[in-house]
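The structure appears right after this line, and notes come after that.
Nothing fancy with the numbering, it's 1 onward along the sequence.
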Amino acid sequence: MAPLLFKDAFWGNNLACHAGYDAVIQRLREGRQMCKDVEELLKMRALAEEKYGKELVTIARKAGGHAEISTLRESFDQLKTQIENIGNFHIQLSAQLKEEVKKMEAFRERQKEQRKKFESIMEKVQKKKVFLLKKTMESKKNYDQRCREMDEAEQEAEKTPVPSKHSEKVHHKAKQCRQTVHEAEKLYRASIAQLDDVYQDWKNTHKSTCEVVCALKFYLTPRTQATNHTHRHTPHTTSPKRTLILLTRKV
């Protein structure tokens, strides 16, 4: 089964409808807001990790036990070292999260630039399409009206076959109506051709915009990377609890 793509789904139900495009742009704005929310979350997490890490390092360095000797001193020093190592790991994680926030901010700015670029292009194309659609509908209305006038004039001409001034006037009117219909038809066909060209341009631009939006990963990749940092920097050492148990047994 082929994957669902934005360019195959977000279309309006008529030529003048831009609901699909509006939905795509709205999703892009929501994604931008989500980026900001994730940035704020990572900033707070980074501050917490840094504070916690520094406190652990401070605790480890302020701890006493210098007067002890033998295996108890060794176990106590090991406990302090592990606490300091864990603190340093949290400080490193804080730095990684801060770097991730910078990447997300840069990504969000690129997203903003791309969105503005395509919004500007789409706005121009959509305005042109709506203008020509209106012009085409007016041309059609004029053409239909001229056709009705021609039918009425020809019907009246058929009713007055006898040569007379009135007959000449009626036939001349019918001839003028046919010429008017011919001109109206030319304008109508020209409007349709112009609208078709603009519609193709709009359709291609709309597809390109959808492809760009689909390619923008709003926040999933940065957030996944931040989660990976958490796992990557989890210290694989003997737990302080385990060391404390060993220390207690030696007392």
[Y]/[X] salt bridge by N-O under 4.0 Å criterion:
{"X": "Lys127", "Y": "Glu123", "value": "yes"}
{"X": "Glu99", "Y": "Lys102", "value": "yes"}
{"X": "Glu84", "Y": "Lys80", "value": "no"}

State, to 0.1 Å, how close [X] and [Y] come at their nearest heavy-atom pair, and which atoms those are.
{"X": "Glu50", "Y": "Ile91", "answer": "O-CG1, 4.3 Å"}
{"X": "Ala153", "Y": "Ala174", "answer": "CB-CA, 3.7 Å"}
{"X": "Val198", "Y": "Leu132", "answer": "CG2-CD1, 3.1 Å"}
{"X": "Leu97", "Y": "Arg45", "answer": "CD1-CG, 3.4 Å"}

Which residues share a side chain to side chain contact (heavy atoms under 4.5 Å, CB included) with Leu133, sequence neighbours left out
Leu15, Ala16, Met137, Leu195

Residue set satisfying side chain to side chain contact (heavy atoms under 4.5 Å, CB included) with Glu55, at least two apart, ordered chain then number -> Lys51

[X]: partners by salt bridge (charged side-chain N to carboxylate O under 4.0 Å, His left out), with sequence neighbours left out:
{"X": "Lys43", "answer": "Glu105"}
{"X": "Glu113", "answer": "none"}
{"X": "Glu149", "answer": "Arg146"}
{"X": "Lys140", "answer": "Asp144"}

Mind checking side-chain hydrogen bond (donor to acceptor under 3.5 Å, both in side chains) for Ser139 and listing every partner two or more places apart, or none if nothing turns up?
Ser191

Between the side chains of Gln111 and Arg108, is a donor N or O closer than 3.5 angstrom to an acceptor N or O?
no

Strictly by modelled atom types, are Asp37 and Gln33 linked by a side-chain donor-acceptor pair under 3.5 Å?
yes

Any chance you could pull the hydrophobic cluster mates of Tyr143, using side-chain heavy atoms under 4.5 angstrom and chaining through other members?
Met150, Val181, Tyr188, Ile192

Which other residues belong to the hydrophobic cluster containing Leu187, where Ile, Leu, Val, Met, Phe, Trp and Tyr are joined when side-chain heavy atoms lie under 4.5 Å apart, directly or via other members?
none

Find the distance between CZ (Phe107) and CE (Met104) and round it off to the nearest 0.5 Å.
7.5 Å

Could you name each residue pair satisfying salt bridge (Lys or Arg N to Asp or Glu O under 4.0 Å) that touches residues 176-193, not counting sequence neighbours?
Glu154-Arg178, Glu185-Arg189

Sort and list the pairs that fulfil salt bridge (Lys or Arg N to Asp or Glu O under 4.0 Å) and have at least one residue in residues 190-206, not counting sequence neighbours.
none

Pairwise side-chain contact, [X] with [Y], heavy-atom cut-off 4.5 Å (strictly under):
{"X": "Gln194", "Y": "Phe131", "result": "no"}
{"X": "Glu109", "Y": "Arg32", "result": "yes"}
{"X": "His172", "Y": "Lys169", "result": "no"}

Answer yes or no: is there a donor N or O on one side and an acceptor on the other, between the side chain of Asn204 and the main chain of Gln200, under 3.5 Å?
yes

Same cluster or not: Tyr199 versus Met122, using hydrophobic residues (I, L, V, M, F, W, Y) connected whenever any side-chain heavy atoms lie under 4.5 Å apart?
yes

Once ring-ring contact (aromatic ring centres under 6.0 Å, His included) is applied, do any residues pair with Tyr52, and if so which ones, sequence neighbours excluded?
His90

